[in-house]
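Written below as structure tokens is the structure these notes are about.
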Amino acid sequence: MPELPEVETIVRGLHVEIAGRILRDVWVRRRDLRLPIPREFPERVIGRRILAVQRRAKYLLFRLDDPLRADGTLILAHLGMTGRFAVQTPPFPELGAHDHVVFLTDDGRRTTFSDPRRFGLLSLGYSDRLAEHPLLKDLGPEPLDASWTGEQLLGKVAARRSPLKALLLNQSVVAGLGNIYVSEALFRARLSPLRLGCSLKLVEARRLVRAVRDVLQDAIAAGGSTLRDYVQADGSIGGFQTHFSVYEQQDQSCSHRGCPGVIRRIVQAGRSTYFCPACQR
DNA sequence: CATCACACCTGAGTGC
DNA sequence: TGCACTCAGGTGTGAT
């Protein structure tokens, strides 16, 4: 489900709600997510204070204080397709079959991690060794960082014979994009998802970088996109799904000024791609 | 490498 | 109502 804008929205909401709180108890009701939750998870986090909630790619990072380390422990979470975090205030609703982990905080509230499909994960790491973490070490640059440039992108894809769609989905090329925002960014950059990496010119790579950044920023400003499962930390839905230019817009006319094209849906590597064959070249 | 099929798992929607 | 089937914001593996 959640791509960078959805994760960023949830992270910001969680930071406001639970940063500064102490974890009084943690219930792991089901361990077998995409990766098993470590057995020592509760003992490692109970009693710790949440210092901050941050994001790297599509991972949520909960930084915890830790009297045993100069720079502490952290919880890594990935939402997969259907994962969600919800901060709840008493009286608490009954827990459901998909509420796999419950965090009780010292303010009397609780935060639940739910994930019907169990493609998500919860793991542990150390703040001072983030870059070496097995789940993070191969991730590419953050697209919203100023250090990610057209030159940087071109350096990664110039020798590749994969289509741009696949390259942008590849988290080691650039981190955080998923199926929605790849289609949307390629549309804004007027580049065909079928173009191969090795065909990209510098001006096009720069255009693509700008388009990726613009669409991600617009989506974050709208609180992300809700198709089916995604909700913000407070349970409200996102707003960007009404701004899609191409995603799930097949047979609609192209929204680029003066373009006579019609949006098409194709399948690349088993996943839907939406684009305008007329203006995306 | 690159591409594809397939796997993980559940729920929603559709057509008969 | 039931059943079969398709599809879904992700990621990883193994075959070719």
Side-chain angles (χ1 to χ4, degrees), chain A residues 1-11 30-37 55-60 76-85 96-100 113-123 133-140 143 156-186 193-199 212 215-216 218-220 222-233 237-250 265-274:
Chain A
M1 87 147 175
E3 306 179 34
L4 187 152
E6 291 74 38
V7 176
E8 179 67 25
T9 301
I10 294 170
V11 159
R30 184 155 189 167
R31 295 183 61 227
D32 55 335
L33 307 184
R34 180 158 67 80
L35 297 177
I37 296 176
R55 180 189 60 75
R56 167 73 172 113
K58 300 176 194 173
Y59 288 88
L60 300 92
L76 280 87
H78 195 291
L79 300 173
M81 296 276 269
T82 54
R84 58 167 75 173
F85 279 95
H98 305 307
D99 297 326
H100 305 311
F113 174 74
S114 317
D115 185 5
R117 291 177 75 177
R118 287 184 281 125
F119 288 173
L121 65 87
L122 283 183
S123 191
H133 195 286
L135 293 169
L136 306 181
K137 66 180 172 51
D138 292 327
L139 290 172
K156 286 247 190 193
V157 305
R160 307 288 291 272
R161 301 188 166 278
S162 291
L164 293 180
K165 168 72 188 289
L167 290 168
L168 292 179
L169 276 181
N170 184 332
Q171 301 297 297
S172 69
V173 171
V174 56
L177 297 181
N179 212 36
I180 293 178
Y181 297 109
V182 167
S183 280
E184 292 293 320
L186 286 168
L194 300 163
R195 281 274 299 274
L196 302 186
C198 57
S199 78
V212 166
V215 73
L216 294 179
D218 287 354
I220 291 169
S225 304
T226 298
L227 298 185
R228 282 158 275 273
D229 303 286
Y230 161 76
V231 291
Q232 302 181 31
I237 68 168
F240 195 69
Q241 63 281 359
T242 59
H243 300 298
F244 290 161
S245 297
V246 290
Y247 191 80
E248 292 187 339
Q249 304 300 308
Q250 65 269 36
R265 173 187 180 270
I266 61 173
V267 175
Q268 293 178 284
R271 311 200 62 196
S272 295
T273 299
Y274 301 86

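Proteins come first, then strands; the chains are lettered A, B, ... in the order of their sequence lines, and each starts at number 1.
Set against B:dG11, C:dA8, C:dT11, the side chain of A:Y247 has C:dA8 as its closest nucleotide. Listed candidates were B:dT3, C:dG10, B:dT10. Nearest to the side chain of A:M81 is C:dG10. Out of B:dA2, B:dC9, C:dA8, the shortest distance to the side chain of A:R160 is found at B:dA2. Checking B:dC9, B:dG11, C:dA8 against the side-chain heavy atoms of A:S272 singles out C:dA8 as nearest.
In terms of phosphate contacts, A:H98 brings a side-chain nitrogen or oxygen within less than 4.0 Å of OP1 or OP2 of B:dG11. Between A:Q171 and C:dT11, a side-chain N or O to OP1/OP2 separation shorter than 4.0 Å is present. A:R34 has no side-chain polar atom (N or O) that falls below the 4.0 Å cut-off from OP1 or OP2 of B:dA7. Considering only side-chain N and O atoms, A:H78 lies under 4.0 angstrom from the phosphate OP1 or OP2 of C:dT11.
Rounding to whole angstrom units, CG of residue A:N170 and C1' of B:dC1 are separated by 12 Å. For A:L79 and B:dC8, the CG to C1' distance is 17 Å, given to the nearest whole Å. Between A:L35 atom CG and C:dT13 atom C1' the separation is 13 Å, expressed in whole Å. The CG atom of A:D32 sits 19 Å away from the P atom of B:dA7 (whole-angstrom rounding). Distance CG (A:D138) to P (B:dC1): 12 Å, rounded to an integer number of Å. In this structure, A:R271 places its CZ atom 14 Å from C1' of B:dA7, rounding to the nearest Å. Across the protein-nucleic acid pair, A:L169 atom CG and C:dA8 atom P stand 13 Å apart, rounded to whole Å. Separating the CG atom of A:L167 from the C1' atom of B:dC1 is a distance of 12 Å, rounded to the nearest angstrom.
Nucleotides C:dC3 and B:dC9 are separated by 23 Å at their P atoms, to the nearest Å. Taking atom P on both nucleotides, B:dA5 is separated from C:dC7 by 13 Å, rounded to a whole Å. Spacing between B:dC6 and C:dT6 at atom P, rounded to whole Å, works out to 12 Å.
Residue A:R117 places a side-chain atom within donor-acceptor reach of the base of B:dC9, judged by atom type and a 3.5 Å distance cut-off alone.
Under the 4.5 Å side-chain criterion, counting only non-hydrogen atoms from C-beta, A:T273 is not in contact with A:L186. Using a 4.5 Å heavy-atom cutoff, the side chains of A:P2 and A:K58 are not in contact. Two residues are said to be in side-chain contact when any heavy atoms from C-beta on lie closer than 4.5 Å; A:L79 and A:F113 meet this criterion. For the pair A:Y181/A:P5, a side-chain contact is recorded, criterion being any heavy-atom separation below 4.5 Å from C-beta on.
Remark: C:dC7 base-pairs with B:dG11. Criterion, Watson-Crick or G-U wobble with two distances under 3.5 Å.
Between A:F119 and A:S162, it is A:S162 whose nearest contact on DNA chain B lies nearer the 5' terminus.
Within the nucleic acid shown, A:R265 comes within 4.0 Å of sugar-phosphate atoms alone, with no base atom in reach, counting heavy atoms only.
Nearest heavy atoms, A:T9 versus A:G224: OG1-N, 3.8 Å.
In summary, the side chains of A:R265 and A:S272 do present a donor paired with an acceptor at a separation below 3.5 Å, with no hydrogens or angles considered.
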